[in-house]
Each structure stands twice: as structure tokens, then as C-alpha cells.
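Both backbone and side-chain heavy atoms feed into the values below; hydrogens, waters and symmetry mates do not. The sequence lines fix the lettering, A, B, ..., with proteins before strands; numbering per chain opens at 1.
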Protein chains: 2
Amino acid sequence: MASIKDVALRAGVSVATVSRALSGKGKVSAASRESVARAARDLGYVLSYNASSLASGRSRNIGIVVPTISRWYFANVLQGATQELNERGYDLTLYNTSGEQRHRDAVFQDLLMRQRLDAVITVTLKLTAPELHQLRAVGKPLVALGGLLPEVSTIRVDDFNIASLATEHLLSLGHTKIAFLGGTDVFNVDFNLPAARLDGFEYALDQAEIAVNPQWLLDADFTTAGAYQKVRSLLSNPRGRPTALLCASDEMAFGAIMAARDLGLSLPGDFSVIGIDGHELGELYGLTTIAQHPAAQGEAAVARIMELLGEDGADEPAGTPPADEFFPTEFVLRTSTAPPA
Amino acid sequence: MASIKDVALRAGVSVATVSRALSGKGKVSAASRESVARAARDLGYVLSYNASSLASGRSRNIGIVVPTISRWYFANVLQGATQELNERGYDLTLYNTSGEQRHRDAVFQDLLMRQRLDAVITVTLKLTAPELHQLRAVGKPLVALGGLLPEVSTIRVDDFNIASLATEHLLSLGHTKIAFLGGTDVFNVDFNLPAARLDGFEYALDQAEIAVNPQWLLDADFTTAGAYQKVRSLLSNPRGRPTALLCASDEMAFGAIMAARDLGLSLPGDFSVIGIDGHELGELYGLTTIAQHPAAQGEAAVARIMELLGEDGADEPAGTPPADEFFPTEFVLRTSTAPPA
DNA sequence: ACCAAAAGTGGAAGCGTTTCCATTCGATCC
DNA sequence: GGATCGAATGGAAACGCTTCCACTTTTGGT
């Protein structure tokens with residue numbers, strides 16, 4: 001494997017000059033730069049990230065911690081983040097905290113610490129105090145996506161507002177009997193998220209002076225199948241059913257729609273459903289929803305990281321990073337909501 | 001940040017001994033081992049992977065290249081692979097070739113080469129000759145998941161057989177008018193996969209001496225929405241419709257089922273659908289399918305890598321790695337298939 | 001022409017490990 | 001009881017870079 005020495009030899013310059021020429025930092029004459037480039041190409045040289053990182057303290061590698069991969073939101077965040085990072089020539093090291101607790105511990109105690117990372121992105125993760133402390137101890141930039149961690153640069157949507165907006169939509173259509181399908185904390189994700197959405201829902205009903213029916217406050221596991229079960233039994237209740245339902249995720253909304261159909265209800269005539277997410281399948285289901293854009297969130301998280309690393313292309317940190325604005329969302333009106341019969 | 005020197009100092013031994021004590025390699029007295037352990041704990045010491053990799057040539061980091069993340073199969077492969085790697089104390093660096101060509105090139109030309117990786121797993125990737133050459137040049141173990149790369153240790157399911165099995169199921173129910181919904185190569189994935197499934201389909205029909213109706217050979221993009229469109233127009237054709245459909249993926253099968261329902265067909269009475277994949281949602285849809293287990297495949301790929309690295313726990317490579325057996329799949333009978341009316 | 005500043009360059013000191021080698025020292029063997 | 005062996009250890013040389021520093025040329029201003 002060719003090393004920088006070989007390149008230096010072949011180019012007839014010093015190792016120091018090769019390093020400068022290849023990294024673009026420092027002064028190098030056009031001639032040297034040229035011959036170094038040729039030598040490197042001839043030798044098929046690529047620099048050793050390890051050696052480079054060791055010497056410079058920067059690794060061009062950022063870590064991302066997710067609670068699971070195989071759900072829509074997370075897969076799309078990853079998709080956005082990898083693209084953006086590859087674009088900038090960074091590597092992405094993936095940590096998955098799902099599964100046994102000891103794996104999660106291992107991630108925080110060891111893997112993240114090995115100073116192989118320039119920064120860390122956490123996605124919708126509810127960190128324990130020690131874990132947060134661990135992360136802080138690494139001393140690297142930290143960006144939280146979706147959760148809100150104390151004193152950590154955070155990118156997230158306004159869950160409260162989204163839910164209340166969605167609820168207002170149903171109210172404005174004339175619904176008064178509205179149910180809510182939230183989620184339980186299956187993946188150790190930040191519990192704040194489902195909670196904020198529930199709060200938003202209750203707030204909107206409250207504003208409309210409609211009492212919340214506790215029977216109609218449901219929890220599922222954020223999966224389509226789980227939602228199906230819950231909604232099916234909700235709608236089978238002989239003692240009256242709601243005319244509309246707000247689901248805390250689109251994937252659950254799909255289950256709700258399927259359940260309603262299987263029971264012979266006609267949608268949206270007999271039953272309106274609104275989701276939150278902006279899942280691609282929403283279009284097929286005709287699902288009215290509030291779209292967030294997870295891939296864009298992944299990209300934004302990377303951009304924020306780059307700011308913190310002073311790599312945003314512009315010169316150094318332009319003051320404080322944009323404070324905690326909320327990530328934009330979008331109301332998508334389709335055919336799953338209509339006035340009650 | 002505490003370094004190995006600090007630990008050595010505090011433990012009252014040499015740096016060399018600390019290294020041996022911590023790695024467990026070489027002879028170290030119980031006493032030294034003990035005091036090193038204590039010193040390390042007190043100092044909150046974790047070793048620098050970069051320095052360690054540089055010195056030893058091993059990085060405990062493996063790379064995985066996927067064509068996209070946000071589809072069921074890939075997300076689940078990743079899920080399995082990350083778990084298994086974390087389990088073994090390895091890091092996982094993720095490369096995503098979706099998006100612009102130049103990103104893909106960047107991945108193969110630079111990122112993968114930086115000798116930061118002990119091994120590489122490619123998932124359902126159709127590599128070009130130069131790309132394969134690049135990978136070979138790294139000189140690290142390489143395992144292909146899902147594709148078949150010349151002379152590369154490969155883990156994959158028997159696509160041909162799966163498709164013919166699925167087709168035989170439909171035949172055995174008495175269907176003769178059977179359509180096939182395959183996929184086009186949207187993500188630069190190995191084209192061999194859809195092709196093999198189509199071959200299996202045609203083979204089975206051939207065995208049954210049934211002519212393939214070219215009108216009923218469809219292509220979609222492996223998405224639910226894409227399949228919905230195709231199948232909807234297939235079933236709307238006034239000049240006769242098939243009574244059964246084999247879909248090359250479950251996600252497409254869902255779209256097919258929705259299309260059929262939206263057209264007022266009753267399933268499986270009027271129309272049988274069988275999928276391939278084993279998607280969780282299959283249960284909700286009542287989809288008969290042939291399940292592969294992507295998470296298990298991810299784990300298997302990691303296990304294979306570990307064998308190649310001589311890390312399987314057992315002593316050194318036990319002969320040749322298990323030749324190219326096919327990864328097991330499973331026929332799952334549900335309610336989407338029945339004899340034709 | 002003359003001098004100061006800028007440009008270009010090489011030497012060498014790290015960066016934090018691993019590992020080879022040599023050394024010491026009880027323990028074991030006839 | 002001296003030679004021999006293995007266990008335990010430390011010194012020091014890599015590993016392949018980056019970067020500080022000092023030095024030599026250019027350059028540009030006057």
C-alpha cells in the first residue's frame with residue numbers, strides 16, 4: 001500500500017509538501033501541486049484516515065445514534081443524513097440502540113467514545129443523565145434530532161402545534177367526537193414526542209370547549225398492525241363511536257383506515273382519519289396528514305453539525321447557530337377527512 | 001483526554017504492559033492486570049481507535065454499502081447487521097449509493113479505500129468491473145448480500161426457486177391465468193434479482209405447459225404506489241384479466257391488493273395475490289408470501305465476515321467458508337390466495 | 001538596486017497505540 | 001546446584017500522517 005512517503009519520493013518533494021498539496025492547506029506552488037497530484041494518481045494513493053485522524057485530531061466521521069432503523073421516520077432520516085455527509089466527504093458511523101439494554105450501554109460507554117468521531121447526532125432519543133454526560137465528555141459537537149436534550153442543539157418539529165392543527169382541521173369540519181391514537185414508548189424513543197402530540201390534541205379540544213372522552217384516548221406501538229387492532233376494537237364498541245381520529249403517525253393511520261374499511265365503514269363519510277408524518281403511502285390511502293420531512297431533517301442535522309465544526313464553507317461560526325426554531329411541516333389535505341355524516 | 005501513558009503511570013507499569021493488559025493479548029500477571037484495570041477505570045480511559053488501528057492495522061470497523069435505506073429489505077438488513085456488529089464490539093460505517101452518480105463514485109473511489117475498514121459488505125449491488133476491482137484492491141474481506149459477484153463470498157436467497165415455488169402454489173390452486181409483477185432497476189440494484197424471479201415464474205408456467213401471456217408481465221418500481229397503478233390498469237383491461245398475480249415483493253403486493261379492492265374485486269375470490277418477502281404488514285393484508293429474513297441475512301453476513309477475519313471465536317478459518325448455499329426462506333400461507341372462482 | 005514581506009519548502013516532533021526484542025527473575029529439571 | 005525455560009516486563013521502533021518552525025526564494029514597493 002502506497003504511503004505518503006512513496007508519493008513524496010516520486011514527486012520529488014518532501015512529505016510535508018505532499019500533505020499540504022493533497023489537503024489544500026498551506027502554500028504550495030502550482031508545479032509541486034501538479035507533480036504531487038500526478039504521483040498520487042500513478043501510485044493509486046489514498047491517505048490513511050486513521051493516520052490522518054491521529055495526527056490532526058479530526059476524523060471526517062460522524063456518528064449517528066438511532067433507536068431503530070426499520071421504521072419509516074428513521075430510515076428516511078438516515079437516508080438524508082448519509083447523502084449529505086457523503087456529499088461533504090464525511091463518513092457516517094451508525095449506532096443502533098434497539099435490542100438489549102447492554103447493547104445500548106455498550107454504545108454509549110465504548111463505541112461512541114473511541115474518539116473516532118468528530119460529532120454525534122442523536123435521533124429521537126431519550127438519553128439518561130449518565131448517557132448525556134458520557135456524550136458531553138467526548139467534547140464533540142452534538143446535535144439532537146427530534147428529541148430535546150438539555151443544552152443541546154436541537155432540530156425538531158413542533159409536535160404540540162402539529163397535533164393541535166390537525167385537531168383543529170377535524171373540528172373545523174364539524175367533528176366533535178374525535179379520538180386520538182398515540183404511541184407508547186417501544187423503542188426508548190423520547191417519550192416527549194407522543195406526549196406533546198397528545199397535549200396538542202387536548203389543547204385544541206379544550207379551546208373548542210369539547211370534553212375529551214378518555215375512552216377515545218388510545219395507545220398503540222406506532223405500527224400499522226398495532227393501530228389496526230386498537231382502532232378495530234374502538235370502532236366495534238356498541239356504545240357509540242367517534243366520527244374522527246387523529247393518529248400520531250401515518251403508519252398507524254394506515255392501520256386505522258384498514259380497520260375502518262374492514263368493518264364496512266365508508267371513508268371519509270362514516271369516519272375521518274388524519275395522520276402525522278407525510279409517509280409516501282399516504283397518497284395511495286388518500287390520507288390527510290401533516291407532513292414532516294425526515295430526510296430533510298437528516299440533512300439539516302448534518303448541516304448544523306458542519307456549522308458547529310466550522311465547516312459550513314463560510315468563515316467561522318456566524319454567531320450562535322440558528323436558535324431552536326422548529327423544523328417546517330406541511331398540511332396535506334387529501335380525502336380521508338370530511339364533515340361527519 | 002487520558003492516554004495510555006497516564007494509565008501506565010498511575011498503574012505503575014509500562015505502556016507496553018497496559019496495552020497487553022487491556023487487550024488481553026500476551027502475558028500479564030494478575031496483579032498488573034488488576035492495577036491497570038483500576039487505573040483505567042479511575043481515569044475514565046478509553047483507547048483511541050485511530051491510534052490502535054494505525055498501529056495494529058485492524059480497525060474493528062466494517063463498511064456496508066447499500067443502494068438505499070428507506071426500503072423494507074434494506075432497512076431490515078441494516079437492523080440485523082448493526083445489532084450483530086455492536087454485539088461483537090465492531091463499528092459499522094454506512095455507505096449509501098443512491099442519489100447522483102458522482103456520490104456513488106466517491107464512495108468507491110475514496111471513502112471505502114481509506115483503510116479505515118476491516119471488511120466490506122455489499123447489499124444487492126450490481127457492481128461495475130472497476131468498482132469490483134477497487135474493492136478487491138483494498139485487500140479486505142468482502143461479502144456480498146443478495147447479489148452475486150464473481151468470486152465473492154455471497155449470501156442470498158434462491159430467487160429462481162422462490163418464484164417458481166410461488167407460481168406452483170397458484171397453479172396448484174387451479175389458476176391458469178397468472179400475471180407477474182416484477183421490478184425495474186431503480187436503485188442500481190443487482191438486476192439479477194428481478195430477472196431470476198421472472199425466470200422462476202416462467203419456468204413454472206412452462207412446466208405446467210401454460211403459455212405466458214406477455215400482456216401479463218408487468219414491471220413496477222418495487223413500491224406499493226407503483227404497483228397499485230400497474231395492477232389497477234391490468235385489472236381494468238376489458239379484454240380479460242388474470243385470476244392470480246405473483247408480485248416480486250410484498251410491498252408491491254400490497255399495492256396490488258389495494259388496487260383490486262378499489263376496483264371492487266373480492267379477494268381472494270376474484271383475484272389471488274402472492275408476494276415475496278415476508279413483510280410484517282403481510283399479516284394485516286392476509287398476504288400469502290414467501291418470507292425471506294433480511295435481518296437474519298444481515299446477521300449472517302456479519303458472521304461470515306467474522307469467519308473471514310478469523311474472529312469467529314473458534315480457532316482459525318475452519319476450512320472453506322460454507323460454500324454458496326442459499327439462505328433459507330419460508331412459505332407463508334395466508335388468505336390472499338384461493339382457487340379461482 | 002535594496003529591503004521587507006510573502007511564498008514555498010523541508011526537517012522533525014508529535015499523535016496514541018501495538019508489538020518486537022531484550023532483559024530479569026523465579027521456577028523447573030537433571 | 002548450575003543450566004534452562006517460561007513468565008513477566010520495559011524500551012523503543014514502527015504505524016502514516018499533520019503541522020510547527022526555520023530556512024531559502026520570490027515578489028513587490030520604493
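- Remark: C1' of D:dC17 and NZ of A:K25 are 13 Å apart, rounded to the nearest angstrom.
- When the P atom of C:dT17 is taken as reference, atom CG of B:L22 falls 9 Å away, rounded to whole Å.
- Rounded to whole Å, the distance from CG on A:D6 to P on D:dG16 is 9 Å.
- Looking only at distances, a side-chain donor or acceptor of B:R60 sits under 3.5 Å from a matching main-chain atom of B:R88.
- Side-chain proximity of A:K27 to the nucleotides D:dC17, C:dA7, D:dG10 is greatest for C:dA7.
- When the nearest nucleotides of DNA chain C are assigned to B:N50 and B:A16 by heavy-atom distance, the more 5′-ward of the two goes with B:N50.
- Contact between A:K140 and A:G57 at its shortest, heavy atoms only, is NZ-O, 4.0 Å.
- For A:R33, no side-chain nitrogen or oxygen approaches OP1 or OP2 of C:dA7 to under 4.0 Å.
- Side-chain contact between A:T17 and A:V28 is present, with heavy atoms from C-beta onward closer than 4.5 Å.
- Contact of the A:L145 side chain with the A:Y73 side chain is registered, since non-hydrogen atoms from C-beta on lie closer than 4.5 Å.
- Remark: side-chain polar atoms of A:D118 are not paired, donor with acceptor, to backbone N or O of A:I62 under 3.5 angstrom.
- Contacts of B:Y45 with the nucleic acid, taken as non-hydrogen atoms under 4.0 Å apart, involve only primed sugar atoms and P, OP1 or OP2.
- Between A:S14 and C:dG10, a side-chain N or O to OP1/OP2 separation shorter than 4.0 Å is present.
- Between C:dT17, C:dG10, C:dC15, one nucleotide has an atom nearer to the side chain of B:I4 than all others, and that is C:dT17.
- Closest to the side chain of A:S32, out of C:dG16, D:dA12, C:dT9, is C:dT9.
- Taking 4.0 angstrom as the limit, A:S29 places none of its side-chain polar atoms (N or O) nearer than this to OP1 or OP2 of C:dG8.
- Distance CG (A:L54) to P (D:dT19): 12 Å, rounded to an integer number of Å.
- Nucleic acid contact class of B:V15 (heavy atoms, under 4.0 Å, all strands): base.
- The interatomic distance linking A:M1 (CE) with D:dG16 (P) rounds to 10 Å, in whole Å.
- In this structure, B:R60 places its CZ atom 21 Å from P of C:dG16, rounding to the nearest Å.
- A donor-acceptor distance shorter than 3.5 angstrom exists from the side chain of A:S59 to the backbone of A:R116, with no hydrogens or angles considered.
- Donor-acceptor pairing under 3.5 Å, judged by distance alone, is present between the side chain of A:R20 and the base of C:dG10.
- The B:L47 side chain lies nearest to C:dT18 when the options are C:dT18, D:dG16, C:dG16.
- Protein atom CZ of A:R58 is 16 Å distant from nucleotide atom P of D:dC17, rounded to whole Å.
- Counting any heavy atom pair closer than 4.0 Å across all strands shown, B:S53 reaches no nucleic acid atom.
- The phosphate of C:dG10 has OP1 or OP2 within less than 4.0 Å of a side-chain N or O from A:T17.
- Checking D:dT18, D:dT9, D:dG11 against every side-chain atom of A:S56, the shortest atom distance belongs to D:dT18.
- Nucleic acid contact class of A:S19 (heavy atoms, under 4.0 Å, all strands): base.
- Taking atom CZ of residue B:R116 and atom C1' of nucleotide D:dC15, one finds them 16 Å apart after rounding to whole Å.
- Between B:V13 and B:A55, the residue anchored nearer the 5' end of DNA chain D, judged by the nucleotide with its closest heavy atom, is B:V13.
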